[in-house]
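Shown next, in structure tokens, is the structure this report addresses.
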Amino acid sequence: MTAAEKIELKRKALMKYFSYLNERQQQAVFSVSGSVLVLAGAGSGKTTAIIGRIVNMVYFGDGYAKASPNMFEEDIRWLQKYVDGEVSLSDAQLRDILAESPIRPWNILAITFTNKAAGEMRVRLAEKLGEELAASIHASTFHSACVRILRRTIHLLGYERDFTIYDSDDAKRLMKLCIADSDVSEKQFPARSVLNEISRAKDQMISPEMMAENAQGDYRRMKIAKLYGIYQSRLRDSNALDFDDIIYLTVEMFRKFPEELEKYQNRFRYVLVDEYQDTNHAQYELISLLTRRDKNLCVVGDDDQSIYRFRGATIENILGFEQEFPDCRVIRLEQNYRSTQTILDAANEVIANNEGRKEKRLWTEAGAGDKITWYKSENEADEASHVVDAILEHIKNGGKFGDNAVLYRMNAQSNMMERTLVRSGIPYRIYGGTRFYDRKEIKDMIAYMSIVENPYDLVRFERIVNEPKRGIGDATISLLLDIAYDLHQSPLEVMENAEQYPVLSRKIPVLKQFAAMWNQLIAASEDMSMEDFLDFLLEQTGYRTAMMALGEEGTFRLENIEELKSSMQSYKEEAEEPSLGGFLEEVSLYTDVDRYEPDADTVMLMTIHSAKGLEFTNVHLIGMEQGIFPGMRSMDTQEELEEERRLAYVALTRARKKLYLHTAVYRKMYGMTMQNPPSQFLKEIDTSLMACIDSTVQEAEFPAEKQSPFGRTAVLQKQRAARKSTASAPAQEYHVGERVRHNVFGEGTVIAVTRMANDAMLEVAFDQVGTKKLMANFAKIKKLS
DNA sequence: TGTGCACCTGTTTTT
DNA sequence: CAGGTGCACA
């Protein structure tokens with residue numbers, strides 16, 4: 001056997017090992033060294049390929065590209081048998097024969113955007129590689145990776161190691177304080193938009209000084225640069241970082257301290273970045289610094305799914321990758337394992353209208369499948385009941401609620417949908433909106449715990465110093481904060497020494513009292529479990545008493561705080577060295593998508609943005625109208641329109657089997673009724689892929705229809721459909737004791753009838769599923785006579 | 001300092 | 001329509 005043949009044999013064995021992947025995915029798996037761009041279309045088995053790639057690196061190293069012909073005769077025979085399928089070899093045996101300097105797992109850095117994605121990656125790696133090997137692979141988000149680096153090195157930039165992380169709400173509070181102390185008004189410079197500009201600047205690695213320089217002559221930008229400067233110095237005073245700082249400061253630290261960079265280059269010799277289309281410039285810079293020396297960088301992404309431009313993601317990172325890394329390999333994953341060809345055709349057709357993209361065309365072996373359904377409704381109520389109809393139809397055919405997702409462009413659109421689902425007794429969950437950790441009471445608790453950990457945290461201090469009310473008002477707070485800023489002291493110190501500051505004289509007792517409580521909390525935090533400390537805090541601060549006084553609402557809030565305790569418990573179970581500080585850090589980097597439970601058998605409601613990366617058997621896309629999707633503000637520029645189109649592409653490709661598109665002729669928005677034409681994206685889909693169900697009333701528009709022999713009935717049917725999409729008996733006909741049948745819940749007995757405006761609420765004891773409340777006009781129920 | 005009412009202004013949000 | 005904000009007044 002020649003050397004070339006031996007190498008070939010090794011490669012065949014590797015291909016056999018990874019035969020669960022298609023050819024393109026295998027290419028990605030075997031491209032271990034150098035720079036690699038994987039363009040992974042929606043549903044193309046991207047994650048499977050990434051996991052495979054890491055497994056290959058850890059088990060076999062660069063054994064595919066750099067295979068040596070050195071093998072024992074014995075091994076050759078075994079390998080030949082393995083390739084021919086005559087024998088199966090264990091992972092260990094194969095590694096023995098095939099590995100060429102396998103990569104040590106701790107030399108691999110795998111970066112994702114969400115905690116969920118990172119967690120999933122760790123789980124899947126553990127399945128393939130075993131706990132031990134998987135644990136030493138550094139798989140985390142940009143932000144947690146950088147936080148870890150900064151905990152070690154941030155003192156080089158003059159921050160303390162135990163810095164606090166501010167979320168956007170904290171940042172906004174801080175910015176408001178900055179604006180209040182400057183010579184501009186919040187009217188001209190809303191905190192939100194100033195922060196946005198600062199955020200974009202940090203994405204570009206622009207410092208306050210640089211911004212001021214660039215802004216010469218531009219009044220607005222000069223003022224913003226000034227605010228940026230104040231904001232940064234106050235962050236530093238509070239020993240706090242905002243989300244953008246986490247990346248910005250890491251890059252800055254690496255730029256200023258090459259010896260630190262080198263340490264991390266030695267540690268992370270192989271870097272993999274998922275969702276590369278969503279990276280911003282600073283993140284690009286970070287990756288570029290880390291991989292500058294060894295050049296082992298693999299990025300995976302889909303330019304067509306770049307939907308976070310408004311948050312600073314630059315699609316140019318992925319589009320320009322080949323220019324930045326001229327020797328890179330480009331691998332396209334276009335075979336889709338999720339959707340039907342019909343859905344893919346529609347998605348391909350829509351996205352093909354974009355100019356700035358890398359050509360890709362998704363295909364599948366799954367077959368054409370059902371046509372896409374376009375429901376034309378009269379208004380949003382009608383639209384919602386069409387969705388409900390489709391869901392109930394699916395249930396009737398043996399499907400599950402959890403197979404269905406309702407996706408929309410704006411959170412506000414969920415309202416009518418939610419009401420209609422409630423009335424129909426369909427279980428659902430809404431994702432997005434107010435996150436658990438965004439609830440006021442939770443943030444208050446976090447704030448109390450934060451100032452115990454870090455008394456310099458001015459923003460969290462400001463948040464709770466008068467919550468519950470203690471007679472420390474805005475005027476006092478702002479005086480106190482000014483002193484703290486000027487003396488670089490913590491508000492705790494200022495309060496303890498309140499008598500030294502004449503301006504505070506009238507408030508000395510309350511301030512001293514607060515300081516005493518604060519110190520008491522600090523002491524307690526040191527010798528109590530986290531949960532006990534939370535209870536203690538709730539008592540000492542008077543928060544519990546204040547909540548009790550609020551009645552029902554307060555009870556609800558206290559329940560949420562109780563739930564925070566269970567977060568603490570699960571944190572303690574998972575963390576290596578649990579601490580209050582660690583818990584606070586985890587909480588600050590945690591988001592609601594992490595709470596997504598695909599197993600719950602409920603209909604999922606969410607924005608298209610939050611649906612990215614998820615898949616559902618049936619997707620109901622509501623509000624496919626000009627002005628909503630694409631949104632009013634996105635229709636002016638080509639770039640924004642293309643982003644909306646990518647969003648449409650994401651939405652369409654979420655569906656496995658069935659896709660329902662919905663339009664309504666009239667839609668109430670912001671309290672007024674709008675009349676929007678169907679979305680241009682809908683029109684970009686070939687009509688042959690769609691079946692249209694029209695329940696609008698259009699007599700005036702089609703006078704010809706009236707004259708045809710069937711016209712009258714057609715119009716009548718439409719009118720009936722428009723009025724009510726389900727044929728149910730009028731409310732007044734239901735009485736207690738009557739037997740009814742529900743499409744989903746089966747038969748049952750009416751046990752209560754509550755009359756309402758022009759409907760009635762029924763309580764029905766169903767034989768199989770127990771008692772349900774239904775609106776007589778909306779639920780699909782029928783009297784059994 | 002705390003409250004209530006008139007006014008205004010509305011995308012999307014992985015960390 | 002609805003939540004957030006600013007301002008006037010107690």
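Only a predicted model underlies this, so the values are computations on that prediction, with no experimental measurement involved. Chain naming here is simple, since letters A, B, ... match the order of the sequence lines and numbering starts at 1 in each.
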Counting just side-chain N and O atoms, does Thr607(A) come under 4.0 Å of either OP1 or OP2 of dT11(B)? no
Taking only side-chain nitrogens and oxygens of Ser610(A), does any of them come within less than 4.0 Å of OP1 or OP2 of dT13(B)? yes
Rounding to a whole Å, what distance do you find between Leu589(A):CG and dT13(B):C1'? 15 Å
Whole angstrom is fine here: how far is it from CE in Met674(A) over to C1' in dG10(B)? 11 Å
In this structure, how many angstroms lie between the P atom of dT9(B) and the CE atom of Met632(A), rounded? 15 Å
Nearest to the side chain of Lys176(A) - dT5(C), dG10(B), dT13(B)? dT5(C)
Starting at atom CE of Met606(A), determine the distance to atom P of dT14(B), rounded to an integer number of angstrom. 12 Å
Given DNA chain B, 5'-ward residue of the pair Lys507(A) and Lys612(A), judged by closest heavy atom: Lys507(A)
Aro-ring/base stack Phe310(A)-dT12(B), d under 5.5 Å, angle under 30°: yes
Kindly say if Tyr431(A) contacts the phosphate of dT13(B), meaning a side-chain N or O under 4.0 Å from OP1 or OP2. no
May I have the distance from Glu380(A) (atom CD) to dC1(C) (atom P), rounded to whole angstrom? 12 Å
What is the separation between atom CD1 on Ile307(A) and atom P on dT14(B), rounded to the nearest whole Å? 10 Å
Could you tell me if Glu684(A) and Asn353(A) have a donor-acceptor pair between their side chains, going purely by distance under 3.5 Å? yes
d(Gln305(A) CD, Lys46(A) NZ) to nearest 0.5 Å is 7.0 Å
Euclidean distance, atom CZ of residue Arg470(A) to atom P of dG2(B) [Å, nearest integer]: 11 Å
Lys172(A) has its side chain closest, among dG2(B), dT5(C), dT11(B), to dT5(C)
NA contact type, Asp474(A), heavy-atom cut-off 4.0 Å: base, sugar-phosphate, or nothing? nothing
Partners passing side-chain hydrogen bond (donor to acceptor under 3.5 Å, both in side chains) against Arg151(A) (at least two apart in sequence or in another chain): Glu585(A)
Answer yes or no: side-chain N or O of Arg633(A) and base N or O of dT11(B) forming a donor-acceptor pair under 3.5 Å. no
All heavy atoms of Ser185(A) vs all of Ile179(A), minimum pair found to be C-CG2, 4.0 Å
If only side-chain N and O atoms of Asn415(A) are considered, is one of them under 4.0 Å from the OP1 or OP2 phosphate oxygen of dA2(C)? no
Result for salt bridge (Lys or Arg N to Asp or Glu O under 4.0 Å) between Asp304(A) and one of Lys612(A), Arg646(A), Arg357(A) points to Arg357(A)
Taking only nitrogen or oxygen atoms into account, show me every contact under 3.5 Å that the protein makes with nucleotides 7-10 of chain C, one pair per line with its distance.
none

Look at the side chain of Met410(A) and decide which nucleotide, out of dT14(B), dT11(B), dT1(B), has an atom nearest to it. dT11(B)
Of the options dT1(B), dT14(B), dT11(B), whose atoms approach the side-chain atoms of Ala475(A) most closely? dT1(B)
Parallel, tilted or perpendicular: rings of Phe681(A) and Phe629(A) (30°, 60°): perpendicular
So, using side-chain hydrogen bond (donor to acceptor under 3.5 Å, both in side chains) as the criterion, who are the partners of Thr314(A) when residues are at least two apart? Glu316(A)
At under 4.0 Å between heavy atoms, what does Lys469(A) touch on the DNA or RNA strands: base, sugar-phosphate, or nothing? sugar-phosphate
Have a look at Phe142(A) and say if it touches a base, only the backbone sugar-phosphate, or nothing, with a 4.0 Å heavy-atom cut-off. nothing
Against Arg234(A), only a single residue in Asp482(A), Asp242(A), Asp181(A) fulfils salt bridge (Lys or Arg N to Asp or Glu O under 4.0 Å); can you say which? Asp181(A)
Ignoring hydrogens and angles, state whether a donor on the side chain of Asp274(A) or Thr112(A) is under 3.5 Å from an acceptor on the partner side chain. no
Determine the contact category for Glu644(A): base if any of its heavy atoms lies under 4.0 Å from a base atom, sugar-phosphate if only primed atoms, P, OP1 or OP2 are that close, otherwise nothing. base
Please report the distance, rounded to the nearest Å, between CG in Asn411(A) and P in dT12(B). 5 Å
Is the base of dT12(B) syn or anti, where syn means the angle lies within 90° of 0? anti
Looking at the side chain of Phe113(A), which of dT12(B), dT14(B), dG2(B) is the nearest nucleotide? dT14(B)
With a 4.0 Å cut-off on heavy atoms, is Ser144(A) in touch with a base, just the backbone sugar-phosphate, or nothing at all? nothing
DNA chain B: Gln277(A) or Gly471(A), which has the more 5' nearest nucleotide? Gly471(A)
Quick one: is Thr476(A) getting a side-chain N or O under 4.0 Å of the dT1(B) phosphate, OP1 or OP2? yes
